[in-house]
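Inspection log for the structure reproduced underneath, given as structure tokens.
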Amino acid sequence: MEFDRDLFLPVSLADMQRRGWEDYDFLLITGDAYVDHPSFGPTIIGRLLEAEGYRVAILAQPDWRGPEAFRSMGRPRLGVLISAGNIDSMVAHYTAARKRRHDDAYSPGRKAGLRPDHATVVYSNRVREAFGDIPIIIGGLEASLRRFAHYDYWEDKVRRSILFDAQADILTYGMGETATLDIAARLNSGTPVSEITDVRGTCVAADYPGVCAYPRVEVPSFEEVSSSKRAYAQANMVEYQEHDAAVGKAIIQRHGKRFLIVNPPAYPLPTEELDRVAELPYVREPHPMYDDMGGVPAIEEVRFSITHNRGCFGACNFCSLAFHQGRTVTSRSHESVIREAKLLIQHPGFKGYIHDIGGPAATFRRPSCQKQLKHGMCKNRACLAPEACPNLDADHTDYMMLLRKVRALPGIKKVFIRSGIRFDFLMKDPSGEFFTDLVQHHISGQLKVAPEHCVDHTLDYMGKPHVEVYERFRDKYYKLNRRYGKDQYLVPYLISSHPGCTLEDAVQLAEWLNKEGHMPEQVQDFYPTPGTLATCMWYTGIDPRTMQPVFVPKTPHDKALQRALMQWRKPQNRALVLEALHKTGREDLIGYGKHCLIRPGKGPGADRYGHGQDQRQNSSARRPDQNKPGQSGRYGKAGKPDQSGRPGQNGKYTKGPQGGRPAQGKPDGRHAVSRPTAQKPVKKAGWAKAKPKKSGKK
């Protein structure tokens, strides 16, 4: 499919000249390829400024090794806006093991290396070289999560606020539409950028704290949090609690002789403004300049998806959403979502399937309770964990009615939900009617939910409900599948090596998975991304909520042991699993009983890890007829291939861009590596497909 270049924002001097522009107002630089779709933050900002009458040009993935590429379209009249893209550039480049990724779904043809590490800082410094004292405003997820002095996992040190390293004038954090328009209007009126210090949702640097225009609180300085982990934890907790548009204060943090001033968050966009932003004239496609390069793969999961909400009160401690979009949920009107669905129907590539109507958490349509709107989020508890708050408004009716209206449109065959379904929130729905609709109409072969673990205190450190809630959800899910004759699976998301998870806890998780009859095909290690409470725990060894010590599995070997336990049937994990069981005194799990994880070693001279002499010499040596792989190369119990579950389109289920995930995941900030694909359970009925009862009763 070919699209007219003039439907897009200009990306070159030739584009501007063809439009008759002699100058332009803003240069918008992004670390992603230019995809004109509302799932891409820089595109939203560019289209919004265009709608306000500004001339905006896009510079996507410029060559950062010198300033020349940044001068290619000339000096903008008002300023330069910079974003690393939809996700943090370091998350985009490195795995949780700090290994370099080999591809990048946000670049043409998945080519890696088209943006620099710490892209916001590098781009900003190159703009200073190119244009001198031009106003520079940095934003996007990378800037938002790094607005305070923060621990950087990849360098293993505390870095200054990104505002100082980037030499930028203003940092916008969170969802930046309101702040960006305010800044643009002031610059256009002739206000010097140095005087724009009081915009909500922004950070500035000042020589003295009196510049701050709001009630404020001060946190330990950069120097203090760099030298004291306790001070870091104290600062992190204040930063998290004050990220509240209703009652949050400005935060001051000294950096040397200067002061970082973080103004209170911008107010969430009301429904009518969210509708306006969502319905700007997006092409909903990558720019045609990428057609000969293989396109931009990140569009595939969002091309036929609709975002209907913002914010998340789920408060998972490993998730950066609360620190970026905030915990107050706002949503679009039914009419706006339906208009977007009708646009998708007209798309030449549309086959009748809307892949998602979701957001950070698909089922959230309103704030968690009415109290939140006036008094802000509770500082001493979460809405859903460890137990749901009595004041929680869990009525799913509005979302259910929205889905019914969309799936009734002519040309729509199915409406799927692939964003996160909060099973704990769903279980509090007073009517239960939405659960029935979900099973009957909105699952594409499998449903993914996130219990994350099974041990109570580990889940408490994660900010997740206890596993009994998930088990009740699972039982009801399969009961409804049987009732309606559905053949749909359940895929759990799990995290290994999260702060607070001991090796004993990891063994309990393996036991639980064995009891459930499920072994994950892929395992996600905890990934310390900037700003989150769990990252604070990982770095400091302190839970910032209580200031008490917390165990952290940090060494590569400790993490490998926990990861291996979640895939205990894989032959290559045998030595690690045996080591973990011996270390924890759980030799009862080595044997032939159905509760056992692994069989003992055979033959004379077997060592304490169950290896015979030949195995100790070469642990990978096996007879060709042993442990034969299945078609996908996976190994099942007793040397038989396990059976893979039902894949979706292209053989997998992945999430598209939104927040902080790289490559195949939504960059919503929640997780930093791709989630597991579906896997059918090996034997146990708990994870098997739903089967009708023999009696035929429903």
Side-chain angles (χ1 to χ4, degrees), residues 29-33 40-42 60-62 64-65 82-107 110-126 138-168 171 173 222 225-226 232 236 298 318-321 323-324 495 497 524-539 554 556 559 657-674:
I29 300 172
T30 174
D32 293 337
F40 291 75
Q61 298 185 321
W64 70 90
R65 285 168 279 268
I82 297 173
S83 168
N86 264 11
I87 55 178
D88 187 282
S89 58
M90 301 303 285
V91 175
H93 289 168
Y94 299 95
T95 69
R98 297 190 178 99
K99 294 181 180 179
R100 189 83 182 187
R101 300 188 193 274
H102 300 298
D103 60 13
D104 183 348
Y106 294 90
S107 295
R110 289 192 177 273
K111 185 175 181 180
L114 296 184
R115 79 186 99 203
D117 288 355
H118 298 290
T120 303
V121 172
V122 174
Y123 290 156
S124 186
N125 290 332
R126 287 293 177 263
I138 58 175
L141 188 74
E142 182 169 275
S144 188
L145 300 185
R146 296 173 180 268
R147 61 188 182 269
F148 295 99
H150 58 279
Y151 173 70
D152 185 277
Y153 170 68
W154 305 271
E155 295 183 358
D156 194 24
K157 72 175 187 180
V158 177
R159 290 178 64 105
R160 300 189 299 172
S161 165
I162 195 173
L163 180 68
F164 291 98
D165 288 341
Q167 303 179 67
L171 182 156
Y173 69 90
F222 164 68
V225 300
S226 299
Y232 186 99
N236 187 247
F318 48 79
C319 175
S320 61
L321 273 172
F323 206 52
H324 179 59
I495 297 178
S497 307
Q524 176 173 320
D525 278 346
F526 170 69
Y527 200 148
T529 52
T532 69
L533 296 181
T535 296
C536 176
M537 296 181 205
W538 196 93
Y539 168 60
K554 275 195 174 183
K559 296 171 76 172
Q658 183 175 350
R661 285 187 198 168
Q664 298 170 342
K666 276 192 179 181
D668 56 352
R670 183 177 183 279
H671 293 289
V673 294
S674 299

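Residue numbers start at 1 and run along the sequence shown.
The heavy-atom pair separating Val225 from Val158 by the smallest distance is O-CG2, 3.9 Å. The two atoms that bring Pro62 and Thr30 nearest to each other are CD-O, 4.1 Å, heavy atoms only. Scanning all heavy atoms of the two residues, the minimum distance from Asp32 to Asn86 falls at OD2-N, 2.7 Å. Nearest heavy atoms, Asp88 versus Pro530: OD2-CG, 4.2 Å. Counting all heavy atoms, side chain and backbone alike, Asn125 lies closest to Gln167 at OD1-NE2, 2.7 Å. Closest approach of Lys559 and Ala96 over heavy atoms only: NZ-O, 3.9 Å.
With a 6.0 Å radius and a threshold of 12 heavy atoms from other residues, nucleotides or ligands, Lys554 has its NZ atom above the threshold.
Without hydrogens or angle criteria, Thr535 side chain to Thr529 main chain gives a donor-acceptor distance under 3.5 Å. Side-chain atoms of Arg101 come within 3.5 Å of backbone atoms of Val91 as a donor-acceptor pair (strictly under, hydrogens ignored). Formation of a donor-acceptor pair under 3.5 Å by the Ser124 side chain with backbone atoms of Thr120 is not found in this model. Checking side-chain atoms of Arg160 against main-chain N and O of Phe222 turns up no donor-acceptor pair under 3.5 Å. Within the 3.5 Å criterion, the main-chain N or O of Trp64 finds a donor-acceptor partner in the side chain of Arg126.
Side chains of Ile162 and Ile138 form a contact here, defined as non-hydrogen atoms less than 4.5 Å apart.
Under the side chain to side chain contact (heavy atoms under 4.5 Å, CB included) criterion, Ser83 pairs with Pro42, sequence neighbours left out. For the side chain to side chain donor-acceptor pair (under 3.5 Å) test, residues two or more places apart in sequence or in another chain that qualify with Arg100 are Tyr94, Asp117. With sequence neighbours excluded, the residues that form a side chain to side chain donor-acceptor pair (under 3.5 Å) with Glu155 are His118, Arg159.
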*Verdict with supporting geometry, Tyr153 and Met90, side-chain contact (heavy atoms from CB on, under 4.5 Å)*: CA-CA 9 Å; Tyr153 170 68; Met90 301 303 285; over 6 Å; no
*asked:* Let's go through His93 and Arg115 carefully: what are the C-alpha distance in whole Å and the side-chain angles of both, what is the deciding distance for side-chain contact (heavy atoms from CB on, under 4.5 Å) to 0.1 Å, and is it a yes or a no?
replied: CA-CA 9 Å; His93 289 168; Arg115 79 186 99 203; 3.2 Å; yes
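One distance of note links NE2 of His324 with CG of Leu145; it measures 7.0 Å at 0.5 Å rounding. Note that OG of Ser89 is 13.5 Å distant from OH of Tyr106, once rounded to the nearest 0.5 Å. To the nearest 0.5 Å, the span separating CG on Leu171 from CD on Glu142 amounts to 10.5 Å. Atom-to-atom distance recorded for Phe148:CZ and Tyr173:OH is 7.0 Å, nearest 0.5 angstrom. Here the OG1 atom belonging to Thr532 is positioned 11.5 Å from the CG atom belonging to Leu321, to the nearest 0.5 angstrom. Note that CZ of Arg98 and CG of Asp156 are 5.5 Å apart. Values are rounded to the nearest 0.5 Å.
Figure legend: Arg147 and Phe323 shown as a cation-pi pair, the cationic atom lying under 6.0 angstrom from the six-membered ring centre and within 45 degrees of its axis.
Aromatic pair Tyr539/Tyr232: ring centres closer than 6.0 Å.
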